[in-house]
Protein chains: 2
Amino acid sequence: MASIKDVAAQAGVSVATVSRVLNSHPSVSPDARRRVLAAVEALGYRPNAVARSLRTDQTRTLGLVISDVLNPYFTALARSVEEEARGLGYSVIIGNADERPEQQDHHVRTLLDRRIDGLLVSPADGESPLLLDVARTGTPMVFVDRWIPGVDIPVVRADGHRAIQDLVAHLYALGHRRLAIIAGPAATTTGNERVEAFREAMRAHGLALPDAYIGQGDFQADSGRRATERFLALPEPPQIVFAADNLMALGALDAIRARGLRVPEDIGIAAFDDIPWFVHTGPPITAIAQPTGDLGRAAVRALIDIVEGRPPQSVTLPARLVVRSSCGERTSTPGSNE
Amino acid sequence: MASIKDVAAQAGVSVATVSRVLNSHPSVSPDARRRVLAAVEALGYRPNAVARSLRTDQTRTLGLVISDVLNPYFTALARSVEEEARGLGYSVIIGNADERPEQQDHHVRTLLDRRIDGLLVSPADGESPLLLDVARTGTPMVFVDRWIPGVDIPVVRADGHRAIQDLVAHLYALGHRRLAIIAGPAATTTGNERVEAFREAMRAHGLALPDAYIGQGDFQADSGRRATERFLALPEPPQIVFAADNLMALGALDAIRARGLRVPEDIGIAAFDDIPWFVHTGPPITAIAQPTGDLGRAAVRALIDIVEGRPPQSVTLPARLVVRSSCGERTSTPGSNE
DNA sequence: AGTAGCCGTGGAATCGATTACACGCATGAT
DNA sequence: ATCATGCGTGTAATCGATTCCACGGCTACT
């Protein structure tokens, strides 16, 4: 592969001049520029990003560590992150933590070894001294979706309070009183927050949230299945199961079907996170949609603000309720999307 | 951030010795090794991968360019690729082409600029002189899922012939005779191949595949919707719509619902590519499952074989039919998964 | 005419690693 | 005692870029 020396030789100039042409430095004669460009073309020369990064101490690369690539919510997020970053001249390396702290740490370490310019993290459940350390050392960093409390790092996330209030009001209006929730891991901020908002919204309607109606999940389908089985085994099972993420909702659906029950006639389902497939499930699932695209874009902009020395900003965007037919809604066109 | 010089100073040795310790070179005294390790620990030193790559001319990074991250088939593939690569000590940078050749080329170029050790590509529809060029220059490269005919590059893919035969036999046994297919882009190998296998399997049962029963799709949901609308408008619509990928099947489902028709009573659906959500759709969709995990692993191994100078091997793995209930099957437990 | 200043250019240092080569010292064979 | 061998170590070249500094030549001003 041709290097800058080859180009210099071919163009009959020094490497310094080649570099200047490539970085559009003003003081290069038109003639030299022409010869360099011709040589670049002739040799099919492409600058070595590795060498450039070593010298300039910047890679124009962002790291994104997410908790589960197979979760459509995170793929959508990853996609918008990459898109925005590309638009701003950055590349993105994605690390999949699979909800495992050690794997998360592995990716963080690898990304740091590669000297990425900034890190976008949606921290997995569990302690991570490493992450705290990285934050302290001043590596540009932004939390997306989930965050670690007590650390001074900008957070870009969706606020579900209002949407959860809307959901509870919607369920209440449909006549449902016994509402259960499948929570996320206690250690994740999103996990706790959603339960609290749910509890509060129920209280506003004079409803209690008994412990038996709080299932412990881990954001994976299987945990949703197990929690739901436990609900169904109760002497008085809930009328609605609200899952704190999309995968657990699918698990809940499985558990209900396995029992031979029907949704929504026997029991209703709602979910946090809306995904395209919820339109096609039987029945289409009522869900709370996060503005994934905006979230990803805002996160990238906040991170690049830090990288380029501007003051960063935490961003909170509202989520919104999308009513379908999994909670006993009477709709004329079931499964209609917006 | 501490560099190898700082470690050397702290340990009272030269950088060469530090490097030897870090690369477990044999001739280092136990004493020096101990001091270096202590210094590394004390400084929290991590080798700069950028500098190392510049010197050794290898990044221990693989590039993966896929056509659509939002497609669960490709996310599953990406996940297994990353997993296998990580196990072998490589990182993976994923580029999402979004089925757009120019975006694919952008990623290929960026990855090459970063001097990745090898490239895994599932080429998007359309010409890409760049890709051909890269192949010629000897960059280690392997095609996954799709490939470009006439180029001497190993291909790792699933063979759907047998599964498609099974599918057609299954449909025939259920009494269906008018079978339609929504094809992928003509320029993709997977697109053509699936249509041809389908046509052949039908012929084996004495059935014809009229042109009106071949819809042109682009592997996106919307095209599946449009193709299906056209089928439904036919004087004699098909009894089954077979989509050449999962997204188009979802589009087909939409179109059928929008017409107020029921699946499978009025018209049946089958799909190439099985995804977890097909269990939860209404009704669960009969599909052809690819061994995604094996595909990803085999692709990584083939690529690393090239990278490390071993003779690579093309791999073809069989896909298999997963019967559910979207084609009028009478099942006792609809939606059961395996 | 002499000099100050600017412009285009090249030489060389630098980033942080790896590694070929040389050197000093101890050991063992002769 | 002498010399070959080998081990542990350090010096310095190298990878491919960027960029500071200096230099030569030209213009323009006094």
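Residue numbers begin at 1 in each chain, while the letters A, B, ... track the order of the sequences. It should be emphasised that the depicted structure is a prediction, and the values quoted were computed from it without experimental measurement.
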Below 4.5 Å, heavy atoms only, C-beta onward: do [X] and [Y] meet side chain to side chain?
X      : Y      : result
A:R79  : B:D98  : yes
B:V155 : B:V142 : no
A:Y45  : A:I4   : yes
A:I116 : A:L62  : no
B:L112 : B:V134 : yes
A:V300 : A:Y90  : no
B:T75  : A:P72  : no

Nearest-angstrom distance from the residue atom [atom1] of [X] to [atom2] of [N]:
X      : N      : atom1 : atom2 : value
A:Q58  : D:dT18 : CD    : C1'   : 11 Å
A:I4   : D:dG16 : CD1   : C1'   : 7 Å
A:Y45  : D:dG16 : OH    : P     : 10 Å
A:L54  : C:dT18 : CG    : P     : 12 Å
B:R115 : D:dG16 : CZ    : P     : 9 Å
A:H25  : C:dT9  : NE2   : C1'   : 11 Å
B:L43  : C:dG16 : CG    : C1'   : 15 Å
B:D6   : C:dG16 : CG    : P     : 8 Å

### Query
Do we see a donor-acceptor contact under 3.5 Å between the side chains of A:Y73 and A:D68?
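The criterion, which ignores hydrogens and geometry beyond distance, is not satisfied for A:D68 and A:Y73.
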Can you find a side chain N or O atom of [X] that sits less than 4.0 Å from OP1 or OP2 on [N]?
X     : N      : value
A:T17 : C:dG10 : yes
A:K5  : D:dC15 : yes
B:S29 : D:dT9  : yes
A:N48 : D:dC15 : no
A:S53 : D:dA17 : no

Where the side chain of [X] is defined as all heavy atoms beyond and including C-beta, which of [options] is the nearest nucleotide?
X     : options                : result
B:N23 : C:dC15, D:dA17, C:dT18 : C:dT18
A:R52 : D:dT18, C:dA17, D:dC15 : D:dT18
A:S19 : D:dT18, C:dT9, D:dG16  : D:dT18
B:S27 : D:dG8, C:dT9, D:dT11   : D:dG8

### Query
With a 3.5 Å cut-off and just heavy-atom distances, do the side chain of B:R55 and the base of D:dT14 make a donor-acceptor pair?
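Side chain to base: pair present.
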### Message
With a 6.0 Å cut-off (strictly less than), is the heavy-atom count around CG of A:D294, excluding the residue itself, greater than 12?
### Response
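Yes.
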Over all strands shown, is [X] touching base, sugar-phosphate only, or nothing at heavy-atom distances under 4.0 angstrom?
X     : answer
B:V18 : nothing
B:S3  : sugar-phosphate
A:A49 : nothing

### Query
Could you write nucleotides 20-25 of chain C as a row of B, S and -, 5' to 3', where a protein heavy atom under 4.0 Å of any base atom gives B, of only sugar-phosphate atoms gives S, and otherwise -?
------
#### Entry: Set of residues satisfying side-chain contact (heavy atoms from CB on, under 4.5 Å) with respect to B:S67, sequence neighbours excluded
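Partners of B:S67 by the side-chain contact (heavy atoms from CB on, under 4.5 Å) criterion, ordered by chain and then number, come out as B:F74, B:E99, B:S122, B:R146.
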### Message
Rounding to 10°, can you tell me the angle the first-five-pair axis of the helix from C:dA1-D:dT30 to C:dT30-D:dA1 makes with its last-five-pair axis?
### Response
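Taking the rotation axis at each end, their angle is 60°.
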### Message
Pick the closest DNA chain C nucleotide for A:V28 and for A:V15 by heavy atoms, then say which residue is nearer the 5' end.
### Response
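So the residue in question is A:V28.
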### Message
Please report the interatomic distance CD(A:Q104) to OG(A:S128), rounded to the nearest 0.5 Å.
### Response
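Answer for the CD-OG pair, A:Q104 versus A:S128, is 5.0 Å.
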